[in-house]
There are 2 protein chains.
Amino acid sequence: MSTIQDVAKLAGVSVATVSRVLNNSNLVSQDTKKLVEEAIKKLDYQPNLLGRNLRRSETKMILVLLPNISNPFYSKVVKGIEKVAHNNGYNVMLCNTDSDAKRERMYLDLLKNHLTDGVIFMAPKIEKAELAEIGKNYPVVQCCEYKEGTGVPYVSIDNFSASYMAVKHLIDIGHRRIAFLGCESKFNSAMQRKNGYIKALEDHEINFDDSIVLYGDYTFNSGFSVGHKLMALKNRPTALFAISDFMAIGVIKAIKEKGLKIPDDFAVMGFDNISFTSMYDPMVSTISQPRYDMGRAAMELILKQLQGVQCNYEELLLEHELIIRESTVK
Amino acid sequence: MSTIQDVAKLAGVSVATVSRVLNNSNLVSQDTKKLVEEAIKKLDYQPNLLGRNLRRSETKMILVLLPNISNPFYSKVVKGIEKVAHNNGYNVMLCNTDSDAKRERMYLDLLKNHLTDGVIFMAPKIEKAELAEIGKNYPVVQCCEYKEGTGVPYVSIDNFSASYMAVKHLIDIGHRRIAFLGCESKFNSAMQRKNGYIKALEDHEINFDDSIVLYGDYTFNSGFSVGHKLMALKNRPTALFAISDFMAIGVIKAIKEKGLKIPDDFAVMGFDNISFTSMYDPMVSTISQPRYDMGRAAMELILKQLQGVQCNYEELLLEHELIIRESTVK
DNA sequence: TTGTATGCGTTATCAC
DNA sequence: GTGATAACGCATACAA
């Protein structure tokens, strides 16, 4: 494994000159540049970035913390992040946190140890104060899920409006008794989506009924069991809005098992527009988030911080979209 | 940001001693150790691993190259890798290659630049010779998909037997006219699965019929269009084995659209046992790979290489399992 | 335009 | 047990 020294020796120049060639400095003559480049090729030299990183005290590496890579929602967000990162000479390090604050802290050590230059949280679990503290000392951005009042910028959607739009769609196609399937997590989005549901009912003079407000944990299984509970109700609703596609699919499966027809007997709305929704039978109506753009925006916010554009704490809410499919309209 | 120097000064010892404490060297007295630890706490000192990495010329970081994190197949494999990695003080860096050799090369630079200590390929796209060359110079393991004859160890399953088992299941439940949905990729697994199909037919005296051997690209959409083609055939098969669950689901959707009942009119087998198979309606019969264990084994092979257990080029084939669900048996 | 020399933060070798 | 000190590979301020 050859070093910059070897190259210098072979090319008959100093290491400084080699370094200049490596970094495209324009204050090096064409002739010596050629000389150096030949030496590099001859030795098959690859710079040891550990040296450079230490010297520059940066790694050109961004940490992305996501609950779980198996969640298909995040894949496109990551693509967006990667796109912008690569365009700017950064690499991305993806890490599973399992929605566990301890694991988040473990990975945050990479930041504190100077092994990554910044971090993008997809769904921070650590406490507000902790997040705020990190945000004060390092480049940090929240993407998709976020905590407010931390001073850490975020990119997301307006979950309240999105939820409102989803429920209004159910109302528009004639439903008056609409169940809600949420999550009792502390995630902002879960609460905002519930509030959107309530407001939509209110605006259309539908009474809020606590008995058809149910909770799951974002998974298919939780949706499935809620679906069965629903079918056992005396005054059964005719539609349901679930705040995750997986739960929506679980509900659909349970309802189909009971022999009901979707959407004729029962309509279901999901949230996120994961790819499965268009593979399912029936295809699932849902809310689409601009995932790729959210990823891009998040990475751009990190870059701003890295470039010391100290200025602005930003709150970016991008546009969502209603996707109407077979689970609500034939 | 304080350094080891600051700690040394505050504790009134040399940097060497601080370093010893940091690395749990046992040749340091309890008293001084306490002194140093207090200083560390007081300064909120975090070691800068860039220094350590340069000095030790290792990063305790492993690169994992996978086609796409959106493919749910890989999530559990990654979990297995992470488990073993963390137990041994390593971190894992996940990277999307989009099945593109260029992107693979880009990420391999991280290895050549000493930014990661080893690499696990989930489905290498680079040429054999290239892979062999990398394997000669760095710790490398192939996991799941692999190329033979490169000298690079791998962990996988016996795709031939797995496929044979899948087709035999269809034969066992009475099918004689069984379509095959493969992929024309150069992946070993694709070919072995086709061979397993052929052998199973042969062993049960069923004629191989080229007209019901079809190809897709692993995706739902390709399965969907093949499903429609299938339904248009004059001498329609009664069952199909797809070498990916997504394609199997695509076929199922197409068949249901034509009004056929599954499994009564048509049976479908998938491959991989992604979680979506047990959410679908019908739930999909498939072959389960020991994904978590494959990940663990792969990481263990990397560790062996890292520890200089130069010895053995290994080829590990773990056990698969037949999962019978509604798409083949009521 | 090029070379010399210093330091980034750490570990490890060698003295004591 | 502990302390000086020399690396690790590179980038850069300064000199020439």
Side-chain angles (χ1 to χ4, degrees), chain A residues 1-40 43-61 89 109-117 138, chain B residues 1-40 43-61 89 109-117 138:
Chain A
M1 203 88 299
S2 50
T3 75
I4 199 171
Q5 315 264 3
D6 304 323
V7 177
K9 200 172 296 173
L10 182 60
V13 299
S14 73
V15 291
T17 302
V18 177
S19 176
R20 288 188 190 103
V21 172
L22 250 31
N23 294 287
N24 297 313
S25 163
N26 47 6
L27 30 75
V28 48
S29 78
Q30 285 303 313
D31 293 350
T32 46
K33 187 175 174 184
K34 223 165 251 172
L35 232 54
V36 171
E37 280 167 347
E38 276 165 17
I40 288 177
L43 292 174
D44 192 25
Y45 165 74
Q46 300 270 150
N48 181 335
L49 295 194
L50 294 178
R52 173 182 299 173
N53 288 349
L54 176 59
R55 176 59 223 246
R56 292 200 176 144
S57 114
E58 64 167 11
T59 60
K60 293 284 180 184
M61 188 85 80
D109 279 345
L110 294 176
L111 195 64
K112 295 176 179 169
N113 291 330
H114 302 265
L115 256 32
T116 61
D117 294 345
Y138 305 93
Chain B
M1 204 88 299
S2 50
T3 75
I4 199 172
Q5 315 264 4
D6 304 322
V7 177
K9 199 173 295 174
L10 182 60
V13 298
S14 74
V15 291
T17 301
V18 177
S19 176
R20 287 190 189 102
V21 173
L22 251 32
N23 294 286
N24 296 314
S25 163
N26 48 5
L27 30 76
V28 49
S29 78
Q30 285 303 314
D31 293 350
T32 46
K33 186 175 175 183
K34 223 165 251 172
L35 232 57
V36 171
E37 279 168 347
E38 277 165 17
I40 287 177
L43 292 174
D44 192 26
Y45 164 73
Q46 300 271 151
N48 181 335
L49 295 194
L50 293 178
R52 173 181 298 173
N53 289 349
L54 175 59
R55 179 57 223 242
R56 293 201 174 142
S57 110
E58 65 168 12
T59 59
K60 292 284 180 185
M61 188 85 80
D109 280 345
L110 294 176
L111 196 64
K112 295 177 179 168
N113 290 331
H114 302 266
L115 256 32
T116 62
D117 294 346
Y138 305 93

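Letters A, B, ... are given to chains in the order of the sequence lines, protein chains preceding strands, and every chain is numbered from 1.
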Between [N] ([atom2]) and [X] ([atom1]): distance, integer Å:
{"X": "Lys60(A)", "N": "dC10(D)", "atom1": "NZ", "atom2": "P", "result": "18 Å"}
{"X": "Met1(B)", "N": "dG9(C)", "atom1": "CE", "atom2": "P", "result": "11 Å"}
{"X": "Leu50(A)", "N": "dC8(C)", "atom1": "CG", "atom2": "C1'", "result": "13 Å"}
{"X": "Asn23(B)", "N": "dG9(C)", "atom1": "CG", "atom2": "C1'", "result": "13 Å"}
{"X": "Gln5(A)", "N": "dC8(D)", "atom1": "CD", "atom2": "C1'", "result": "10 Å"}
{"X": "His114(B)", "N": "dC10(D)", "atom1": "NE2", "atom2": "C1'", "result": "12 Å"}
{"X": "Leu54(B)", "N": "dA6(D)", "atom1": "CG", "atom2": "P", "result": "17 Å"}
{"X": "Leu27(A)", "N": "dA15(D)", "atom1": "CG", "atom2": "P", "result": "17 Å"}

*asked:* Does Ser57(A) reach a base, just sugar-phosphate, or nothing at all? Heavy atoms under 4.0 Å.
replied: nothing
_Does Val13(B) reach a base, just sugar-phosphate, or nothing at all? Heavy atoms under 4.0 Å._
sugar-phosphate
[options]: which one has an atom nearest the side-chain heavy atoms of [X]?
{"X": "Ile4(A)", "options": "dT2(C), dT2(D), dA11(D)", "result": "dA11(D)"}
{"X": "Ser29(A)", "options": "dC8(D), dT2(C), dG3(D)", "result": "dT2(C)"}
{"X": "Val15(B)", "options": "dA5(C), dT5(D), dT2(C)", "result": "dT5(D)"}
{"X": "Ala16(A)", "options": "dC10(D), dG9(C), dT4(C)", "result": "dT4(C)"}

Any side-chain heavy atom of [X] within less than 4.5 Å of one from [Y]?
{"X": "Thr3(B)", "Y": "Asn48(B)", "value": "no"}
{"X": "Arg52(A)", "Y": "Asn23(A)", "value": "yes"}
{"X": "Leu22(B)", "Y": "Ile40(B)", "value": "yes"}

[N], OP1 or OP2 - any side-chain N/O from [X] closer than 4.0 Å?
{"X": "Tyr45(A)", "N": "dG9(D)", "result": "no"}
{"X": "Arg52(A)", "N": "dA11(D)", "result": "yes"}
{"X": "Ser14(A)", "N": "dT2(C)", "result": "no"}
{"X": "Thr32(B)", "N": "dG1(D)", "result": "no"}
{"X": "Asn53(B)", "N": "dT10(C)", "result": "no"}

*If you look at every heavy atom in Ala8(B) and Ser14(B), which pair is closest and at what distance?*
CB-C, 3.7 Å
_I need the minimum non-hydrogen distance between Ala11(A) and Val36(A), along with the two atoms involved._
CB-CA, 4.0 Å
*Would you mind telling me which residue lines up with the more 5' stretch of DNA chain C, Arg20(B) or Asn48(B), judged by nearest nucleotide?*
Asn48(B)
*Only one of Leu49(A), Leu115(A), Asn53(A), Leu50(A) clears side-chain contact (heavy atoms from CB on, under 4.5 Å) with Thr59(B); which?*
Leu50(A)
_I'd like to know if Arg55(B) reaches the base of dA12(C) with its side chain such that a donor and an acceptor end up less than 3.5 angstrom apart._
no
